[in-house]
Structures are given as C-alpha cells and as structure tokens.
Amino acid sequence: MAKKWKQKLKQLVTNTIDLPKDVMMDLPRITMVGQLHIYIENHRGLLAFSDEEIRLLLQQGQLSIKGNQFVIKAILPEEIMLEGIIHSVTYLS
C-alpha cells in the first residue's frame with residue numbers, strides 16, 4: 001500500500017513541477033541509433049547476455065533486446081551501451 005502511495009506522490013510532484021518522468025519515477029531511458037547502438041539508463045542490473053539477446057532488470061519488469069553480434073561497449077551500475085544488429089526491444093512484466 002505504501003509503495004502505491006509513494007508512486008502516486010512521485011507522479012503528482014513530477015506533473016506539478018514539470019520534471020521528466022524518467023528522472024522522478026525510475027523509468028528506463030532508451031536511446032537507439034538506427035539498428036546499430038542502444039543506450040539504456042536507469043536499469044537495475046544485467047540478467048542475461050549472449051551475442052543474440054540481452055536482458056536487463058528494470059524497476060518494474062524486464063527489458064529484452066534481441067538481435068545479432070551483440071557487444072557491450074560500456075557498462076555502469078545503471079547504464080549500458082550495446083552495439084550490434086538490433087531486431088527487437090521488448091518490455092516484459
């Protein structure tokens with residue numbers, strides 16, 4: 001119950017002072033450059049990695065990225081840059 005209340009409070013504050021929702025609500029920010037690069041911020045950890053799929057833990061659910069020839073170019077506690085041929089980006093609940 002407290003978690004829902006906290007989420008609603010964050011939404012109210014975000015809407016009131018016009019802050020980006022990804023900052024206040026721990027939403028992932030995903031930036032893609034064509035099908036070649038993807039940069040994800042606000043993830044909670046790397047769950048699985050192969051040259052055809054990467055799976056990240058999010059605040060709510062998971063993010064699955066599928067493709068070929070994946071290489072992790074940079075990885076930080078809450079950010080990751082992936083290079084390869086990206087076929088799909090899917091949210092999993």
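Remember, predicted model here, so these are calculated numbers, not experimental data.
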For the backbone of I86 and the side chain of Q35, can you confirm whether one donor and one acceptor N or O come within less than 3.5 Å of each other? yes
Counting distance only, does the side-chain N/O of N42 pair as donor-acceptor with the main-chain N or O of L27 below 3.5 Å? yes
Looking only at non-hydrogen atoms, find the nearest pair between F70 and I65 and report the distance. CE1-O, 3.5 Å
Scanning both residues in full, the closest heavy-atom pair of R55 with S64 reads NE-CB, 4.4 Å
Does a donor on one side chain and an acceptor on the other come within less than 3.5 Å for Q60 and S93? no
Salt bridge (charged side-chain N to carboxylate O under 4.0 Å, His left out) against E78, all qualifying residues, sequence neighbours excluded: R44
Any side-chain heavy atom of [X] sitting closer than 4.5 Å to one from [Y]?
| X | Y | answer |
| --- | --- | --- |
| I72 | M81 | no |
| K66 | S88 | yes |
| Y91 | L63 | yes |
| L46 | L56 | yes |
| V89 | M32 | yes |
| V71 | D51 | no |
| L82 | F49 | yes |

If you round to the nearest 0.5 Å, how far is NE2 of H37 from CD of E83? 4.5 Å
Criterion side chain to side chain contact (heavy atoms under 4.5 Å, CB included) on I80 and I54, from CA distance to verdict: CA-CA 11 Å; I80 189 167; I54 186 168; 3.6 Å; yes
Show your working on side chain to side chain contact (heavy atoms under 4.5 Å, CB included) between I38 and T31 and close with a plain yes or no. CA-CA 6 Å; I38 188 165; T31 306; over 6 Å; no
Tell me, with the steps shown, if L47 and Q62 meet side chain to side chain contact (heavy atoms under 4.5 Å, CB included). CA-CA 9 Å; L47 296 174; Q62 297 178 13; 3.5 Å; yes
